[in-house]
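I have placed the structure first, in the form of structure tokens, so that the comments after it can refer back to it.
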Protein chains: 2
Amino acid sequence: MTDNRKKSTRARAPEKKKEQFNKILEEGKELFIKYGSHGFSLRALAKRMKMSQSNLYNYVQSKRELWIAIRIKYFKEFQEKFSEIVETHKDSYVDIWLKMATFFLEFAAADYRRFAIMFLISAPPSEKIGPFEKKYKPFQLVNQALLVVEQAIDAKKIKKDSAIELFYYVYGVLLGAAQVEFQLSKKIYQPITAEEQKISVDQFRKFTLEEISKRVEQELL
Amino acid sequence: MTDNRKKSTRARAPEKKKEQFNKILEEGKELFIKYGSHGFSLRALAKRMKMSQSNLYNYVQSKRELWIAIRIKYFKEFQEKFSEIVETHKDSYVDIWLKMATFFLEFAAADYRRFAIMFLISAPPSEKIGPFEKKYKPFQLVNQALLVVEQAIDAKKIKKDSAIELFYYVYGVLLGAAQVEFQLSKKIYQPITAEEQKISVDQFRKFTLEEISKRVEQELL
DNA sequence: TTATTTAATTGTCAGCGTTAATTTAGTGGT
DNA sequence: ACCACTAAATTAACGCTGACAATTAAATAA
């Protein structure tokens, strides 16, 4: 056994501690992306951080909390890019929807494990509820997109009555489509019966985006 | 510590062993449904079975294999009910789609953990690939529904060109919708901004089914 | 009745999240 | 420059997990 720890140093200044915590989150992200939820252990993370495993508890109350902290960070990154699309849009209402949808599907496909930790896998259970869990609200990402819808309603560009329903519906469509794309992209899958059942990821995405586009068009006044 | 094991008996006849294995799957299902993926341990299952934990390995190569075996069993149950709908249908093409979709969403909502083990959570990893994993094909459930589509194509009731795309699309819609419904049903969730963002599960389902219905209608010749 | 087979057992392993007790590096006050 | 204090870091241990090896003994076949 070689000693992997670095020359023992302590992050005492609040700024230094924040920095250290941030590094923990970054290493945690990498660990998760590389080895998945089952390879994501505090011991492995500690080794990467060159610190003892129990020292992580000076930064986080539980594995669950760490998990949620990473999720929140991913959502922040997601929001940032998402906001950019939303705020700089000069396109039509339909086009902005198309851009948001495309971004969502590309984001999921670019790193499915990241997508999974954000939208699919629930955090490991813990006895206590920590600060990150209290802070975290599901459906948070939704708000950014909802803003677009509301602005359009206010500007009387679209029908008001079913806008919210449609919004959640499209969110569901994208959530499901991202998963179907992933399953389609796996080599393992081979349709059992006929030849014509085959479908490529590109084909599927094109179809999905067109469906969304057509549906949103109907909403215009 | 009380000894929970039953008076030691052995299931040696092939029939008896099959029976015993079936009981393992049934208890496993219950355990999973009751305590979720994290409460689902071989030791807890063994206790329920009143046997030693390592004896489970006489029935299954790994926890992963057990997981997949349970998943397969759930799919069989799903297929059975699904087939009934498909095979006894006297309705229009649109109505049968509506029935399939309704069944899917009701199935998911009736027991979300069951739905999750079938469609969302991936089985825990294992070093070796067992017989159940070899047997299991993802997208298997899809075939039953595909049959309906193909029959309709053959009967020249619907457009052929985009039938398969639409099929996968609707599958994605349902997969996503089931998850949105679940999130909406959680008490935790409270929208942040305006009042009108609220939406009930019933509202959402109604909307979703209507969307599917409208979309399938367009496919008719 | 005996030999064989194999279900079921005990014991052990490394790995996991978590906690308690302890050490010691970094900070602020004098 | 020194000292006291705080808290980041350590070591050690707990009970849990999936898995494996060796052993026992119940059910079957000869």
Side-chain angles (χ1 to χ4, degrees), chain A residues 1 3-24 28 31-32 35-69 123-130 133, chain B residues 1 3-24 28 31-32 35-70 123-130:
Chain A
M1 260 289 270
D3 191 350
N4 258 350
R5 278 171 290 121
K6 59 182 163 186
K7 205 176 330 114
S8 181
T9 299
R10 300 183 181 196
R12 287 206 46 155
E15 193 186 311
K16 286 274 174 197
K17 182 158 190 190
K18 223 172 197 173
E19 209 175 280
Q20 178 83 317
F21 179 58
N22 218 281
K23 214 193 151 202
I24 290 174
L31 190 63
F32 193 95
Y35 302 105
S37 63
H38 294 280
F40 178 70
S41 78
L42 294 184
R43 279 172 167 85
L45 177 54
K47 203 172 249 176
R48 269 171 167 265
M49 289 294 298
K50 295 178 199 288
M51 59 166 62
S52 73
Q53 156 252 140
S54 64
N55 191 29
L56 289 171
Y57 283 84
N58 281 320
Y59 294 89
V60 113
Q61 281 189 13
S62 63
K63 189 186 187 183
R64 177 180 179 83
E65 275 284 287
L66 176 62
W67 184 291
I68 294 174
S126 172
E127 311 254 305
K128 44 187 166 186
I129 300 175
E133 181 160 13
Chain B
M1 258 294 267
D3 191 349
N4 259 350
R5 278 170 291 123
K6 60 181 163 188
K7 209 181 320 118
S8 179
T9 300
R10 301 187 180 196
R12 287 205 44 156
E15 192 186 313
K16 286 274 175 196
K17 183 160 190 190
K18 222 173 198 173
E19 209 175 281
Q20 178 83 317
F21 178 58
N22 218 284
K23 215 196 150 200
I24 290 173
L31 189 63
F32 193 95
Y35 302 104
S37 63
H38 295 279
F40 178 70
S41 78
L42 295 184
R43 277 170 169 86
L45 177 54
K47 203 172 246 176
R48 269 170 167 266
M49 289 294 298
K50 295 176 198 288
M51 59 165 62
S52 72
Q53 167 252 133
S54 63
N55 190 31
L56 289 170
Y57 283 85
N58 281 321
Y59 294 89
V60 115
Q61 280 189 14
S62 64
K63 190 187 186 183
R64 177 180 179 83
E65 275 285 286
L66 176 62
W67 185 292
I68 294 173
I70 288 176
S126 173
E127 310 256 305
K128 43 187 167 187
I129 300 176

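Chain A is the first sequence line, chain B the second, and so forth, proteins listed ahead of strands; every chain is numbered from 1. Bear in mind that the values here come from a model prediction, so they are computed numbers and not experimental data.
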task = Answer with yes or no whether A:N55 presents, from its side chain, a donor or acceptor under 3.5 Å of a partner atom in the base of D:dA8.
result = no
ask   = Toward the 5' end of DNA chain D, which comes first, A:K17 or B:S126, by nearest nucleotide?
value = A:K17
request  = Could you pick out which residue, B:K16 or A:Y59, lies toward the 5' side of DNA chain D when each is mapped onto its nearest nucleotide?
outcome  = A:Y59
Please report, rounded to the nearest Å, how far the [atom2] atom of [N] is from the [atom1] atom of [X].
X: A:L56; N: D:dT11; atom1: CG; atom2: C1'; result: 15 Å
X: B:L45; N: D:dT17; atom1: CG; atom2: C1'; result: 14 Å
X: B:E19; N: D:dA27; atom1: CD; atom2: P; result: 14 Å
X: A:I24; N: D:dA9; atom1: CD1; atom2: C1'; result: 12 Å
X: B:M51; N: C:dT10; atom1: CE; atom2: P; result: 13 Å
X: B:M49; N: C:dT9; atom1: CE; atom2: C1'; result: 15 Å
X: B:L42; N: C:dT12; atom1: CG; atom2: C1'; result: 16 Å
X: B:N58; N: C:dT9; atom1: CG; atom2: P; result: 10 Å

message = Please determine whether a side-chain nitrogen or oxygen atom of A:Y57 lies at a distance below 4.0 Å from atom OP1 or OP2 of C:dA20.
response = no
query = Counting only side-chain N and O atoms of B:Q20, is one of them less than 4.0 Å from OP1 or OP2 of C:dA8?
reply = yes
Nearest listed nucleotide, side chain of [X], among [options]:
X: B:S41; options: C:dG11, C:dT27, D:dG18; result: D:dG18
X: A:A11; options: C:dT27, C:dC16, D:dA8; result: D:dA8
X: B:R10; options: C:dT10, C:dA7, D:dT17; result: C:dA7
X: B:S52; options: D:dA8, C:dT9, D:dG18; result: C:dT9

ask   = What is the distance from atom CG of A:L56 to atom CE of A:M49, rounded to the nearest 0.5 Å?
value = 7.5 Å
For [X], answer base if it contacts any base atom (sugar-phosphate contacts may also be present), sugar-phosphate if it contacts only those atoms, and nothing otherwise; contact means non-hydrogen atoms under 4.0 Å.
X: A:F21; result: nothing
X: A:K128; result: sugar-phosphate
X: A:E127; result: nothing
X: B:S54; result: base

inquiry  = If you compare all heavy atoms of A:A123 against all heavy atoms of A:W67, which two are closest, and at what distance to 0.1 Å?
reply    = CB-CD1, 3.4 Å
ask   = For B:Q20 and B:A11, which heavy atoms make the closest approach, and how far apart are they?
value = CB-CB, 4.2 Å
query = Would a distance-only check, ignoring hydrogens and angles, find a side-chain to backbone donor-acceptor pair under 3.5 Å from A:K63 to A:F40?
reply = yes
message = Please compare A:Q61 and A:H38 by the position of their nearest nucleotide in DNA chain C and report the one closer to 5'.
response = A:H38
query = Do the non-hydrogen side-chain atoms of B:I24 and B:V60 ever get within less than 4.5 Å of each other?
reply = no
ask   = Taking the six-membered ring for Trp, are B:F21 and B:Y59 parallel (under 30°), tilted (30 to 60°) or perpendicular (over 60°)?
value = parallel
